Q: 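What follows is a structure written as structure tokens; I'll ask about it next.
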Amino acid sequence: MLTKKNLFKLIVHQKTKFTHLHFMLMAIVTSQTVLQLVVDSTVSHISSIDSTHQIQCSSLSTIVARRIKESFTTVLTKFHAGYFRVSLSLGGQALLWKTLIGPTDNKSTFRLALHTFHPRAFTLLWSFALVTLVLLSILYLLRCLFYFKMVKDEFLHDVGVNYLFAPSISWLLLLQSAPFFCFNNPYSYVVLWLVFAVPIVVLDVKIYGQWFTKGKKILSAIANRTSHLSVIANLVGAQAAANMGWNESAICFFSVGMVHYLVLFVTLYQRFSGTDLLPTMLRPALFLYFAAPSMASLAWQSIAGSFDTASKMLFFLSLFLFMSLVLRPTLFKRSMRRFNVAWWAFSFPLSVLALASMEYAEEVKSDAANLLMLLLLTSSVIVSVGLIIFTLLNTHILVLPHNSDPISSLPTLRSNSTTTASV
């Protein structure tokens with residue numbers, strides 16, 4: 001029987017169930033809301049991370065691009081023609097070793113032992129010199145394209161203009177020592193010789209022309225050790241022309257180079273003490289004093305067809321100048337304290353002198369001449385290998401600080417004929 005008491009208990013029980021159901025529904029709704037909030041916040045956080053990652057990647061690529069551009073700009077602005085000292089030296093070594101493995105009438109033990117140098121090693125050396133010259137040429141072409149004003153300033157600089165001969169000299173040396181060119185080729189050799197000889201003529205007109213047009217004191221004001229490069233360029237051009245049978249062109253280049261060498265030699269020889277303002281770091285350029293007569297002896301041998309009296313006289317002159325410098329090692333002490341690309345100025349003159357001594361030994365065929373050839377050849381190879389090692393170990397300082405290299409310190413140029421270029 002449903003009494004009031006039982007009815008009351010039933011109502012309380014149903015109310016309790018309803019309350020439990022209400023709380024369950026509220027819990028479900030609340031948990032769904034919280035879950036939705038958690039999911040929304042998680043998605044939002046992931047989106048934020050992706051956005052941040054994209055921004056970081058974008059900023060990183062921008063920084064890398066900016067660093068590459070800054071490095072490229074730094075290299076081009078501080079690179080100059082003086083770096084072609086490296087290719088000049090390697091080209092001299094290539095020509096030296098091509099002559100060494102070539103045909104010979106010298107039957108001495110020294111010569112026959114050196115003649116065993118493997119042709120593949122020479123090809124490797126020549127290829128290394130070619131790659132180096134191509135890289136340097138590309139860099140300088142880019143410098144001409146993007147920083148033409150700096151190239152123009154270099155052209156007007158009394159030291160920098162002389163190193164503009166170095167690319168042509170390097171190419172002519174590699175042309176003569178190339179393992180796949182024939183001197184009788186009517187097209188390739190002649191065309192390349194013309195391409196590399198034209199810049200020499202243009203620079204000759206600029207440099208030698210100003211000696212005649214800017215007053216009698218211009219030469220004593222601007223002449224310096226690096227001026228020998230203009231002479232060497234003409235002599236290398238003469239040798240290359242003679243090797244392909246163009247004797248008239250060879251004599252023309254030889255006469256222009258030698259006449260100006262005599263004038264330059266006398267000018268530098270009688271210069272008063274203290275008038276040479278080239279800095280200590282360019283002391284290695286003193287080796288160019290004997291590089292010019294050494295190259296002249298080789299050029300005249302190519303023209304005359306033999307290492308005659310004139311070639312011997314020029315060789316002995318270069319040997320005397322070499323001994324005069326070697327016996328004064330303290331002269332180069334300060335310039336050797338820190339590695340510099342100017343050190344490469346030691347290599348090319350030694351290579352040319354060794355090459356001239358080889359031709360001299362081939363002509364006289366005496367033990368003394370062979371011993372002298374061996375000593376000079378050994379010195380040349382040791383110096384060249386040492387410079388390559390030093391360069392590889394110091395690649396981080398090849399692009400020098402702006403004011404540490406006199407060639408790149410162009411604001412110090414003095415262009416009037418009554419003052420000396422302060423470099």
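All of these numbers come straight from a predicted model, not from anything done at the bench.
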Q: Any chance you could measure L372, atom CG, to S366, atom OG, to the nearest 0.5 Å?
A: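 Going from CG on L372 over to OG on S366, the span is 9.0 Å.
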Q: With sequence neighbours excluded, what pairs up with S230 under the side-chain hydrogen bond (donor to acceptor under 3.5 Å, both in side chains) test?
A: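 With neighbours one apart ignored, the set is Y208.
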Q: Could you tell me if the side chain of N234 sits less than 4.5 Å from the side chain of H260, heavy atoms only?
A: no
Q: K206: what forms a side chain to side chain contact (heavy atoms under 4.5 Å, CB included) with it, not counting sequence neighbours?
A: F155, V161, Q210
Q: Does a side-chain heavy-atom distance below 4.5 Å link D308 with W300?
A: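 With C-beta onward as the side chain, the pair touches.
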Q: Are R85 and Y163 in a cation-pi contact, defined as NZ or CZ under 6.0 Å from the six-membered ring centre and within 45° of the axis?
A: yes
Q: If we ignore angles and hydrogens, is there a donor and acceptor under 3.5 Å between the side chains of T226 and N224?
A: yes
Q: Applying side chain to side chain donor-acceptor pair (under 3.5 Å) as the test, list every pair that has at least one member in residues 371-382; sequence neighbours left out.
A: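 Residue pairs with at least one partner in residues 371-382: Q93-S380, S351-S380.
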Q: Distance-only, no hydrogens or angles: does the S87 side chain make a donor-acceptor pair with backbone N or O of F84 under 3.5 Å?
A: yes
Q: Would you check if E154 and R143 make a side-chain contact, meaning some heavy-atom pair closer than 4.5 Å?
A: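 Yes; the side chains approach each other to less than 4.5 Å.
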Q: How would you list, by chain and number, every residue that makes a side chain to side chain contact (heavy atoms under 4.5 Å, CB included) with L392, sequence neighbours excluded?
A: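 Per chain and number, L392 pairs via side chain to side chain contact (heavy atoms under 4.5 Å, CB included) with I388.
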Q: Sub-3.5 Å donor-acceptor pair from the side chain of W171 to the main-chain atoms of W193, do we have one?
A: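 Not a single qualifying donor-acceptor pair exists.
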Q: Identify, with sequence neighbours excluded, every residue that meets side-chain hydrogen bond (donor to acceptor under 3.5 Å, both in side chains) alongside S297.
A: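 Scan of S297 (side-chain hydrogen bond (donor to acceptor under 3.5 Å, both in side chains), adjacent residues dropped) gives none.
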Q: Can you confirm whether I222 sits close enough to I207 that some side-chain heavy atom of one is under 4.5 Å from a side-chain heavy atom of the other?
A: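 Side chain of I222 against side chain of I207, heavy atoms only: no contact under 4.5 Å found.
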Q: Quick one: list whatever passes side-chain hydrogen bond (donor to acceptor under 3.5 Å, both in side chains) with W343, sequence neighbours left out.
A: none
Q: For a quick test of your reading: what N or O donor-acceptor pairs under 3.5 Å do the side chains of residues 246-256 make, sequence neighbours left out?
A:
residue : atom : partner : partner atom : Å
S255    : OG   : I251    : O            : 3.1
S255    : OG   : C252    : O            : 2.8

Q: Using the test side chain to side chain contact (heavy atoms under 4.5 Å, CB included), find all partners of S127 that sit at least two apart in sequence or belong to another chain.
A: T123
Q: Taking everything shown except F316 itself, do over 12 heavy atoms lie less than 6.0 Å from its CZ?
A: yes
Q: Holding to ring pair (Phe, Tyr, Trp, His ring centres under 6.0 Å), I want the full list of residues that pass it with F315, two or more places apart in sequence or in another chain.
A: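 F315: ring pair (Phe, Tyr, Trp, His ring centres under 6.0 Å) contacts with Y360.
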Q: Is the shortest side-chain heavy-atom distance between T99 and E362 below 4.5 Å?
A: no
Q: Using side-chain hydrogen bond (donor to acceptor under 3.5 Å, both in side chains) as the criterion, list what pairs up with S357, not counting sequence neighbours.
A: none
Q: Any chance you could measure F339, atom CZ, to L393, atom CG, to the nearest 0.5 Å?
A: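 If I round to the nearest 0.5 Å, the distance is 9.0 Å.
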Q: Restricting to side chain to side chain contact (heavy atoms under 4.5 Å, CB included), what partner residues turn up for A292, sequence neighbours left out?
A: H228, V231, I232, Y261
Q: For residues 322-332, dump all side-chain donor-acceptor pairs below 3.5 Å to protein atoms at least two apart in sequence or in another chain.
A:
residue : atom : partner : partner atom : Å
S324    : OG   : F320    : O            : 2.9
R328    : NH1  : S324    : O            : 2.7

Q: Could you check whether the rings of Y83 and F79 sit parallel, tilted or perpendicular, using 30° and 60° as the cut-offs?
A: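 Correct class here is parallel.
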